[in-house]
2 protein chains.
Amino acid sequence: MVADIAERAGVTARTFFRYFTDKREVLFDASAELEKKSLAALEAAPATASTLDLVATALDATVDIIGHDHELARKRHVVIMANSDLRERELIKLAHMSAALADGLRRRGIGDAEASLAAEAGSAVYRVAFQRWADADDDLDLRDVIRRSFAQLRALTAPN
Amino acid sequence: MVADIAERAGVTARTFFRYFTDKREVLFDASAELEKKSLAALEAAPATASTLDLVATALDATVDIIGHDHELARKRHVVIMANSDLRERELIKLAHMSAALADGLRRRGIGDAEASLAAEAGSAVYRVAFQRWADADDDLDLRDVIRRSFAQLRALTAPN
DNA sequence: CGTAGCGATGTCATCAAGTGACATCACCCT
DNA sequence: AGGGTGATGTCACTTGATGACATCGCTACG
């Protein structure tokens with residue numbers, strides 16, 4: 001219950017709802033910062049970068065925030081995956097991020113359709129990479145996993 | 001309110017909740033059928049198909065269900081996009097579909113990582129394609145839009 | 001024919017999640 | 001000292017959702 005959560009934090013339920021719009025939102029507090037960082041990285045990228053490179057750069061930037069605490073990330077992931085309402089929330093955060101990313105790409109002059117698609121594709125890569133990383137027993141580097149997932153996407157879509 | 005919705009259907013709110021787990025679920029009634037159809041298409045695909053071809057085939061199959069009523073699709077899409085909780089639900093349905101697709105790919109002997117990634121990438125393509133189609137003023141063919149989006153993904157990820 | 005049983009629905013009570021309106025309290029500023 | 005301001009608490013209320021139990025209609029079976 002929200003009342004319990006709030007009590008643990010030493011406040012009333014009403015106060016809780018002043019800080020978080022939602023019960024679930026507690027778990028996704030960092031998402032705004034994540035988005036900000038990755039957008040900043042996008043802006044800072046060199047003009048020569050390809051669309052997909054830009055996306056990769058933006059995703060890479062999130063690693064600084066969440067890539068260090070593997071154990072925490074794993075636990076958090078387990079909790080989220082176990083509750084469909086938390087999964088919903090996570091997905092919409094990702095979708096929001098993807099939309100912001102697409103906007104960022106458009107601001108760099110990339111065509112509308114291409115921007116959306118690149119952002120969504122990047123989001124897809126991120127999803128599987130993060131999942132892979134969080135599930136891994138050994139201590140992988142999230143950045144590496146993302147890179148390898150991008151490479152795998154390239155391989156997958158390459159004409160044969 | 002649920003009470004109103006139920007009343008329109010000539011039942012009580014309690015009965016409503018016996019048919020739908022959720023208020024939102026009404027709008028996503030067809031998703032199970034969608035998944036079934038696309039999995040069936042996946043099973044029926046020739047053994048020679050590439051992973052991405054398989055995904056494309058599976059997505060194509062959904063067009064038979066939702067691709068005909070452009071006007072309905074548009075209206076539904078508008079409603080969903082306007083409500084973040086409906087968007088959440090839609091996203092998790094898509095995620096569910098993607099997971100099922102990945103499973104289907106694995107059952108065809110495709111490697112675990114590749115299956116997940118291909119399914120997620122397909123899901124990304126589908127998202128943008130559907131969005132594009134729903135937003136379009138003129139009467140596009142959803143199947144075409146999906147195909148073109150796939151092509152665009154290939155172009156995007158092609159080495160340059 | 002009558003009734004036992006079953007499935008679908010209704011009724012009622014109850015809980016959890018939010019939300020608006022208003023009260024308090026602490027603190028700062030002049 | 002007193003007035004304003006921001007953060008928190010209190011209270012009442014709405015809506016979504018769920019469990020327990022009652023009811024009703026139909027069907028099978030003696």
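Hydrogens, waters and symmetry mates are skipped; everything else that's a heavy atom, side chains included, is used.
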Tell me whether B/H77 at atom NE2 has more than 12 heavy atoms from other residues, nucleotides or ligands lying less than 6.0 Å away.
yes
Stepwise side chain to side chain donor-acceptor pair (under 3.5 Å) test for A/E114 and A/T51:
CA-CA 8 Å; A/E114 184 175 332; A/T51 301; 2.7 Å; yes
Quick one about A/S116 and B/R127 (side-chain donor to acceptor, distance below 3.5 Å, no hydrogens or angles considered), yes or no?
no
Within this structure, what is the CD-to-P distance between A/E7 and D/dT8, rounded to whole angstrom?
17 Å
Look at atom CD of B/E25 and say whether more than 12 heavy atoms of other residues, nucleotides or ligands are closer to it than 6.0 Å.
yes
For the residue pair A/F130 and A/Y126, does the interplanar ring angle fall in the parallel (under 30°), tilted (30 to 60°) or perpendicular (over 60°) class?
parallel
Backbone of A/D85 reached by a side-chain donor or acceptor of A/R24 within 3.5 Å
yes
I need the CG-C1' distance between B/D4 and D/dG16, as an integer number of Å.
13 Å
Could you tell me how far apart B/M1 (CE) and D/dA17 (C1') are, to the nearest whole angstrom?
14 Å
If you walk 5' to 3' along DNA chain C, what is the first nucleotide with an atom under 4.0 Å of a heavy atom in chain A, and what is the last?
C/dA16 to C/dA21
Interface with DNA chain C, restricted to residues 14-21 of chain B and to heavy atoms under 4.0 Å
B/R14, B/T15, B/R18, B/Y19
NE2 of A/H70: more than 12 outside heavy atoms within 6.0 angstrom?
yes
Quick one: B/D85 CG to D/dT15 C1', roughly how many Å, whole number?
13 Å
Which heavy-atom pair separates B/L59 from B/I146 by the least distance, and what is that distance?
O-CD1, 4.4 Å
